[in-house]
Amino acid sequence: MSRTLALIDGNSFYCSCERVFDPRLHTRPVIVLSNNDGCAVARTSEAKALGIKMGEPFFKIADLCKREGVMVYSSNYTLYGDMSARMNDVYRTFTPDVEIYSIDESFLDLSGFTGRDLPAMARDLRSTVRQWTGIPTCVGLGPTKTLAKLANHIAKKNPELNGICDLTMPAAREAWLPRVAVSDVWGIGSASTYKLARIGVTTAADLAALPPREARQLLSVIGERTVFELRGVSCLALELVPPQRKGCAVTRSFGAPITALEEMLEAVSAYATRAGEKLRRHGLATGHVSVFMHTSAFNTDPRYSASTTVELPEASNDTRDLIGAAKRGARRIWKDGYRFVKAGIIMDDLIRAADAPRPLFEARDREQSVKLMGAVDSINRRFGRGAIVPGSAGIKQRWAARFERRSPRYTTRLEELPLVG
DNA sequence: TCTGGGGTCCTAGGACCC
DNA sequence: TCTGGGGTCCTAGGACCC
């Protein structure tokens, strides 16, 4: 039975979020920077036209931005996450079958609407989202996820399509696939593009025509699936219920290099705190915490990179346990005399907290731990992340990441509401 | 001076077992 | 001591995604 999927996403999503709350930005090029104000991760079409590339370090384009009047923002994930939720609320008024794929992309299952004028429905979807959230979008339609993604890409690249491309019919695919570079196909990255070029496969149409066995030989099962998907044979299911996460990490570059162990312990404690919040929010626990730290890969400082894994006596999501493990790991791999620019903690093999086995002798009263952590989380939700950090008196945080150009959290912080008048 | 932060999946190869 | 053909499980690393 054939499906019809839509992929809808926000155009230059982070930039569009900034524009929603500051109309002055509508006529100007806008970029949003990564964490620590490191590099450009979102650009409006005007910014792209100035030659600003995805992932370009900000210090290399700072002059250009000043000269051309580019509006530059630190990333404001609280705002973007809230806008994302609003967009998905709009999608669900069209169909309950929504897979949230990323912060700005969702797949919608429109199979129940076959026979309806799907492009007209896509136009309605776009204009409703625009009206209710202010975010401009593009919609791709296709019988498989890969084709819906490709259609969305075509809609973005061809303004005359007014933000909608429909690849549900074979004739449309025959017309468009030869015009799309194979590197623009979902799942085909630079390594695969290189391998395919050597056998003369350069367009999406070429890849669709490749015998699946050959694709498997060259690119593994992922390549083989992609060939089938491009032919309209669905291999990737819609995931309406998000699968349980397998891992969880908190890693950050520092605003200023760390050279003292005490500062490193502060930093990994802060990451462990954040990690605890993430685990508890998902009802998960971990049995071990990996810690890593490294020096810069971009300068001539002496290099050092290390990681270690600390086992917990029992699976936990208690911030105090995570901080203890993170500090122990950091001490284990710490070396004096280096300038560390980044560190992080990684937790794999997560289990559901409710399934955590209970040891014979509990190191800590579990009921009390759950109550205390619940209280910490609710206070931090109310007053902002970091309002309470267990055992954190006197944190100086010279190492904390920079966000020098962050816009107000318009939608989620009362004191940062936009002012009218 | 200044270069992000998360994730997932797959494969190859080693350790171990019968 | 060596010889063999499988299994399974685990880990590291590659590739890709947003």
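We name chains A, B, ... by the order of the sequence lines, and we start the count at 1 in each one.
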May I ask you to decide whether A:Arg213 forms a salt bridge with A:Glu224, counting only side-chain N to carboxylate O separations under 4.0 Å? no
Want to settle it: does A:Phe298 or A:Val221 sit nearer the 5' end of DNA chain B, counting the closest nucleotide to each? A:Phe298
Out of C:dC18, B:dG7, C:dC16, which has the shortest distance to the side chain of A:Asp104? C:dC18
Quick one: A:Leu350 CG to B:dT8 P, roughly how many Å, whole number? 9 Å
Just say parallel, tilted or perpendicular for the rings of A:Phe254 and A:Tyr271, cut-offs at 30° and 60°. parallel
So A:Leu219, base contact, sugar-phosphate only, or nothing? Heavy-atom distance under 4.0 Å. nothing
Across the strands shown, which category fits A:Ser190 at heavy-atom distances under 4.0 angstrom: base, sugar-phosphate, nothing? sugar-phosphate
d(CG, A:Asp63; P, B:dC2) in whole Å: 16 Å
Nearest whole Å is fine: how far is B:dG5 P from A:Tyr80 OH? 15 Å
C:dG14 and B:dT3: how far apart are their P atoms, nearest whole angstrom? 24 Å
May I ask you to evaluate whether A:Thr251 reaches the phosphate of B:dG6, defined as a side-chain N or O under 4.0 Å from OP1 or OP2? yes
Any base atoms under 4.0 Å from A:Glu105, or only sugar-phosphate, or nothing? Heavy atoms, all strands. sugar-phosphate
Please work out if A:Asp37 contacts a base, only the sugar-phosphate, or nothing of the nucleic acid, heavy-atom cut-off 4.0 Å. nothing
Only residue of A:Thr319, A:Asn317, A:Asp318 satisfying side chain to side chain donor-acceptor pair (under 3.5 Å) with A:Arg280 is A:Thr319
Please determine, for the side chain of A:Tyr101, which listed nucleotide (B:dC10, C:dC16, C:dC17) has the closest atom? C:dC17
Winner on side-chain proximity to A:Arg225, out of B:dC9, C:dC18, C:dC16, is B:dC9
Does a salt bridge link A:Asp9 with A:Lys156, judged by any charged N lying under 4.0 Å from a carboxylate O? yes
So if I take every side-chain heavy atom of A:Arg245 and compare against C:dC17, B:dC10, B:dG7, which nucleotide ends up nearest? B:dG7
Check the pair A:Asp124 / A:Thr128 against side-chain hydrogen bond (donor to acceptor under 3.5 Å, both in side chains), numbers first and verdict last. CA-CA 6 Å; A:Asp124 188 12; A:Thr128 309; 3.3 Å; yes
Testing B:dG4, C:dC16, B:dG7 for proximity to the side chain of A:Ala191, the answer is C:dC16
Just compare C:dC17, B:dT11, B:dG5 and give me whichever is closest to any side-chain atom of A:Asn35. B:dG5
Within less than 4.0 Å of OP1 or OP2 of B:dG4, is there a side-chain N or O belonging to A:Ser75? no
Separation of C:dC16 atom P from A:Leu236 atom CG, nearest Å, is 16 Å
Say you pick atom C1' in B:dC17 and the same atom in C:dG4; how far apart are they, in whole Å? 14 Å
Looking at B:dG6, which nucleotide sits across from it as a Watson-Crick or G-U wobble partner, both distances under 3.5 angstrom, or is there none? C:dC17
Pick base, sugar-phosphate or nothing for A:Phe58, based on heavy-atom distances below 4.0 Å to the nucleic acid. nothing
Send over the distance from A:Arg216 CZ to B:dC10 P, rounded to a whole Å. 10 Å
Mind checking if A:Ser296 touches a base, just sugar-phosphate, or nothing, with heavy atoms under 4.0 Å? nothing
Using a heavy-atom cut-off of under 4.0 Å over every strand shown, decide if A:Val185 touches base, sugar-phosphate, or nothing. sugar-phosphate
Contact under 4.0 Å: A:Lys278 side-chain N or O vs B:dG7 OP1/OP2: yes
Of the candidate nucleotides B:dG6, C:dC18, C:dC16, which contains the atom at the shortest distance from the side chain of A:Trp186? C:dC18
Is any side-chain N of the basic residue among A:Arg398 and A:Glu263 closer than 4.0 Å to the acidic one's carboxylate O? yes
Report the distance from atom CH2 of A:Trp399 to atom P of B:dC2, rounded to the nearest whole Å. 19 Å
In whole angstroms, how far is the P atom of B:dT3 from the CZ atom of A:Arg303? 13 Å
Before accepting this row, confirm whether a basic side-chain N of the pair A:Glu174/A:Arg231 lies closer than 4.0 Å to the acidic partner's carboxylate O. no
Does a side-chain N or O from A:Lys195 land closer than 4.0 Å to OP1 or OP2 of C:dA15, or not? no
Give the rounded distance in Å between these two atoms: CZ of A:Arg339 and P of B:dT3. 11 Å
Side chain of A:Arg402 (C-beta onward), nearest among C:dC16, B:dC2, B:dG5: B:dC2
Quick one: label A:Gly247 by what it contacts on the DNA or RNA (base, sugar-phosphate, nothing), any heavy atom closer than 4.0 Å. sugar-phosphate
Side chain of A:Lys149: nearest nucleotide among B:dC2, C:dC17, B:dT8? C:dC17
Charged N to carboxylate O below 4.0 Å: is that the case for A:Lys66 and A:Asp63? no
With respect to the side chain of A:Lys246, which nucleotide from B:dG6, C:dC18, B:dC9 is positioned closest? B:dC9
Give one of base, sugar-phosphate or nothing for A:Lys53, where a contact means two heavy atoms less than 4.0 Å apart. nothing
Start at the 5' end of DNA chain B and walk down; is the nucleotide closest to A:Pro57 or to A:Ser220 reached first? A:Pro57
A:Ser192 vs C:dA15: side-chain N/O to OP1/OP2 distance below 4.0 Å: no
